[in-house]
Amino acid sequence: MLSPTGWGALVGGAALLGAGYGFGYPEAAVLGLACLLAVGVALVWTGRSPRLSARRRVTPRKVARGDGAESFVALTNTGGRSRRGLDLTDRCGESPLTLHVPALAAGAEHIVRYPLPTERRGRIALGPLRLERTDPLGLSRRVRVFGPREGGSDTLLVRPRVCLLPVLPSGTAHHVEGPTSDTADEGSLTFHALREYVLGDDLRRVHWRSSARTGTLMVKQLVDVSLPHTTVVLDTRAVAYAAEDDFELAVDCAASVAFAAARSNFPVDVLGETGPVLRTDGAGGGDADALLDRLALVHLSERASAAGAFDDLERARRRGSLVVVTGTGDTTGLGALERVRRRFDRTVVLRAGAETGGAQAEPRSLGSDVPQLRVTGLDSLPAAWRREAVR
């Protein structure tokens, strides 16, 4: 196809050629003919599509916010002649990135390496790759788009940053290695789900009715509800934060608290005013990764009140620790915390946001006896959290 410059040369050349012949100006006619010849040569130059293959590799595919990630694109000239004048355009989310590709001999390979943006959480779509070949004068270009099967598209998952925190101790005693005597209380074991029998399972937990119905030996999976249970309420309302960076800090804080429990194989619930974000029972080894993957996709909401986040807590039977993460802005609906906090052994409120110019009073709706930790940066969270853990 012709570029805007090519269209200008074509129209201008035709006009000069017609005016030169019509009004007897040979110089204008020669100039117009030269423009038309240049456009013709450019079309011939870019007429044949270059035979190239592309392979993309993203390293790493999942990265914490702010950490480095790179994309490697390997271009191979599969044709029988050298190719030059190539430009590679890639899209990283909404931002296009154009790179010049040097001349490629027949069978040669060139690897393009460039950093990817990781300043914001989310799933970043990469591609599709666009390969443009232009003539030396820039009058014509041929564009080839590489599809997903050709390695032209991929994704990068930017997850929240986390810092290592201890799990808040709850008021329920538990044995890490299980019951220590034959008289140990088994009342803390509760039914969780049915699953297929695995060699070594206790046959006393076989659910015979389900096994007869499905034709597969099914056993009851029990969980220990006395394990330290962490419930995190993340306020995602836009009005609760003074800036978008404060919300990113709040997600980092919520991820750090939940990650501390999940990596120790303890149950974790993450809730928002729009509903549950993720629930883990502590039985799976991939809970920590699943938690970070899910929090990578959390966005601001337009809800006016945070009370919806506490509705499920009011109906459910919970113990352990309740951590509410919010900003320094609007606190509408957070007064609902007073209805549910007695159900938990400990309740802590994290308020994420930069310090303001004047002294800022803590909201009375959260209760005077509820600890409120101000977090101005993720680096300041561990010290404040450890003080609360030993309090």
Side-chain angles (χ1 to χ4, degrees), residues 60-69 93 116-124 156-168 230-264 266 268-274 276-280 286-301 306 309 321-331 334 347-356 371-389:
R61 302 185 66 87
K62 298 179 181 180
V63 64
R65 183 172 65 90
D67 290 349
L116 299 175
T118 61
E119 293 80 13
R120 283 288 182 266
R121 289 176 304 105
R123 191 182 303 276
I124 301 177
L156 170 68
L157 186 64
V158 181
R159 307 196 292 189
R161 296 171 55 206
V162 296
C163 58
L164 297 181
L165 301 176
V167 180
L168 283 181
T230 302
T231 301
V232 180
V233 174
L234 175 61
D235 190 354
T236 62
R237 298 174 301 128
V239 293
Y241 301 94
E244 188 175 354
D245 288 341
D246 292 348
F247 175 65
E248 293 296 326
L249 175 59
V251 177
D252 292 345
C253 293
S256 298
V257 173
F259 182 80
R263 70 188 179 96
S264 299
F266 293 152
V268 181
D269 282 3
V270 181
L271 310 171
E273 70 278 356
T274 58
V277 176
L278 184 70
R279 290 177 175 174
T280 68
D287 288 347
D289 281 337
L291 179 73
L292 296 180
D293 291 348
R294 184 63 187 87
L295 287 175
L297 306 178
V298 171
H299 299 289
L300 287 169
S301 71
S321 302
L322 173 62
V323 181
V324 179
V325 183
T326 184
T328 58
D330 183 77
T331 59
L334 291 180
T347 302
V348 180
V349 175
L350 295 180
R351 304 192 65 206
E355 295 283 359
T356 57
Q372 299 186 39
L373 308 182
R374 286 295 304 272
V375 181
T376 58
L378 193 61
D379 294 338
S380 65
L381 177 61
W385 186 260
R386 289 188 175 93
R387 287 196 298 268
E388 177 61 26

Main-chain N/O of [Y] paired to [X] side chain as donor or acceptor, under 3.5 Å:
| X | Y | answer |
| --- | --- | --- |
| T347 | L322 | no |
| T231 | D269 | no |
| T118 | D67 | yes |
| R351 | G327 | yes |

Hey, are the side chains of [X] and [Y] touching, using non-hydrogen atoms and a 4.5 Å cut-off?
| X | Y | value |
| --- | --- | --- |
| D287 | V268 | no |
| T236 | F247 | yes |
| V257 | V325 | no |
| I124 | L116 | no |
| V162 | L292 | yes |
| L381 | L165 | yes |
| T280 | L291 | no |
| D235 | V324 | no |

Indicate the atoms forming the closest heavy-atom contact of [X] with [Y], along with that distance.
| X | Y | value |
| --- | --- | --- |
| A238 | L300 | CA-CD2, 3.9 Å |
| A64 | P160 | CB-O, 4.2 Å |
| T230 | A261 | OG1-CB, 3.7 Å |
| G353 | T328 | CA-CG2, 4.0 Å |
| L373 | A384 | CD1-O, 3.9 Å |
| S321 | L168 | OG-CB, 3.5 Å |

Separation of F259 CZ from D289 CG (nearest 0.5 Å):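 Atom-to-atom, D289:CG and F259:CZ are 7.0 Å apart.
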From L156 atom CG to K62 atom NZ, the distance as rounded to the nearest 0.5 Å: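 Reported to 0.5 Å precision, the distance equals 11.0 Å.
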From R161, R159, R65, residue fulfilling side-chain hydrogen bond (donor to acceptor under 3.5 Å, both in side chains) relative to D252: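 Testing each of R161, R159, R65 against D252, the sole residue satisfying side-chain hydrogen bond (donor to acceptor under 3.5 Å, both in side chains) is R65.
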Member of V323, V232, L234 meeting the side-chain contact (heavy atoms from CB on, under 4.5 Å) criterion with L350: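 Among the candidates, only V323 passes.
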Lys/Arg-Asp/Glu bridge criterion (N-O < 4.0 Å) met for E273, R237: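 Judged by the 4.0 Å cut-off on N to carboxylate O distance, E273 and R237 do not form a salt bridge.
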Verdict with supporting geometry, V233 and T326, side chain to side chain contact (heavy atoms under 4.5 Å, CB included): CA-CA 8 Å; V233 174; T326 184; over 6 Å; no
Contacts of D245 that satisfy side-chain contact (heavy atoms from CB on, under 4.5 Å) - sequence neighbours left out: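 With sequence neighbours excluded, D245 shows a side-chain contact (heavy atoms from CB on, under 4.5 Å) to R120, given in chain and number order.
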